[in-house]
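For the numbers below, each heavy atom of this structure counts, side chains included, while hydrogens, waters and symmetry mates do not. Everything numeric here is computed off the predicted structure, so don't read it as measured data.
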Amino acid sequence: MSGSLRSIIALVLMAGAPAAALAQNHASGHVSAPPPQSQHGFSFPNEANARPITPPRPVSTQPISNGRSANHAPANYMHSPVNANVTGGPYRGQFHGRVIYNPRRWRGWGWNRGIHWYPAPIYWGGGFWGPYAFGGLGAGLLFGSIVDYQDQAIYPSYEIEPTSPGAELLQNYGLTQTECGPPNLVVIWGPDNSVICAYPNDLVGAGNYELDPTTLTIVSQS
Amino acid sequence: MRPMRPQVYALIAALAMATTSAASAKGVTLVQQADGSVHTYIDVNIRLSGQTLWLRSADRKGVLKIGNGACSFIGAIQRCLPYAVALIQDGKTRQIAILHGTVFLNLSNTAQHLPRSSEELAPRTILALWRTVRGTYVTIKGALDEVAP
């Protein structure tokens with residue numbers, strides 16, 4: 001098959017390709033026809049020495065806090081440790097207060113169509129708030145932070161992706177996310193010591209809360 | 001966003017050729033290295049076991065195991081985050097570190113629109129896109145050959 005004929009076929013068949021594939025911004029190249037097929041399994045030559053990565057701390061060059069609040073941290077403060085088994089940040093183990101049941105009254109995994117949900121280890125907040133991998137936080141928007149002055153640690157917050165489970169949680173409670181830092185906000189601690197903030201409303205008052213991702217329920221700090 | 005290059009058109013064409021074929025239930029996998037070189041794998045066997053995807057090359061010499069987590073639904077489309085990829089080949093298992101990616105699954109019996117897109121995923125079809133920490137892009141699309149709990 002000639003190169004020109006293959007190019008024509010390629011253009012005709014483009015309509016059947018998914019938009020998500022179109023959105024991929026691949027590296028440059030000079031191939032004008034469908035590439036050759038590999039004959040021996042899969043080839044990942046550049047990954048020869050690749051090993052599982054240890055998620056780096058979510059460091060960003062963006063400002064951690066907007067400086068409007070007491071949460072403006074000194075520069076030598078450390079970013080919070082990442083641990084998929086830890087929630088609550090500096091308030092870990094202190095969430096024995098009032099349970100504010102999800103207004104949707106989800107049962108079990110009902111919020112996720114009955115499908116079991118569990119954190120994806122290398123994603124911020126276990127993927128609960130969005131898909132942003134630690135190494136790719138350029139795609140995520142920093143949204144303030146919580147500063148633990150006692151332990152000199154910073155817990156950065158990121159904007160929730162609209163289609164994430166976290167977005168479902170906020171929608172259920174009628175909450176609107178806002179930048180962490182100012183006082184008198186709803187502060188919700190999620191998987192991996194992740195944290196997001198929202199404006200209080202009639203259902204959820206200002207304060208710290210821990211979420212149960214199995215039922216999309218929050219518990220206030222004792 | 002940079003304009004699409006001819007190579008991207010070629011990639012899309014290869015995807016379309018593999019996924020519009022009614023005669024085959026096999027998938028296609030595109031692996032583009034950071035230097036722009038591309039390998040296309042057609043007739044890839046796609047198996048979903050729990051939240052793990054298994055891709056077997058047509059020559060049965062290579063297997064990609066993709067561990068997914070944090071799955072949630074957008075309408076009837078299930079969206080998962082791949083977090084662990086292993087290449088099982090030549091008697092060895094090699095971990096491939098991924099930077100970010102998304103796996104879309106349509107396990108329903110009807111075509112479903114992808115989120116924020118006019119495009120559809122056919123019934124029992126997957127679309128997976130991810131990038132490794134070393135700059136390799138991987139695109140997978142195709143009908144599921146097997147689904148196991």
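Between chain A and the options B:Val85, B:Thr102, B:Asp90, B:Val63, heavy-atom pairs under 4.5 Å are most frequent for B:Val63.
Note that OH of B:Tyr83 is 11.0 Å distant from OH of A:Tyr123, once rounded to the nearest 0.5 Å. One finds the CD atom of B:Gln95 at 11.5 Å from the CD atom of A:Glu47 (value rounded to the nearest 0.5 Å). Here B:Cys80 contributes atom SG and A:Ile115 contributes atom CD1; the two are 9.5 Å apart, rounded to the nearest 0.5 Å.
In this view, B:Ala84 satisfies the side-chain contact (heavy atoms from CB on, under 4.5 Å) rule with no residue, not counting sequence neighbours. Take B:Thr125 and apply the side-chain contact (heavy atoms from CB on, under 4.5 Å) test, not counting sequence neighbours, and it matches B:Leu121, B:Ala122, B:Lys141, B:Ala143. Scored by the salt bridge (charged side-chain N to carboxylate O under 4.0 Å, His left out) test, B:Arg47 finds B:Glu146 as partners (sequence neighbours excluded).
Note: B:Trp130 and A:Phe44 have parallel aromatic rings, judged against thresholds of 30 and 60 degrees for the angle between ring planes.
Both the backbone and the side chain of B:Leu64 come within less than 4.5 Å of a heavy atom in chain A.
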Criterion side-chain contact (heavy atoms from CB on, under 4.5 Å) on B:His100 and A:Tyr132, from CA distance to verdict: CA-CA 7 Å; B:His100 52 73; A:Tyr132 310 117; over 6 Å; no

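The shortest non-hydrogen separation linking A:Ser43 to B:His39 is OG-NE2, 4.0 Å.
Heavy-atom neighbours of chain A within the stretch residues 105-113 of chain B, taken at a separation under 4.5 angstrom, are nonexistent.
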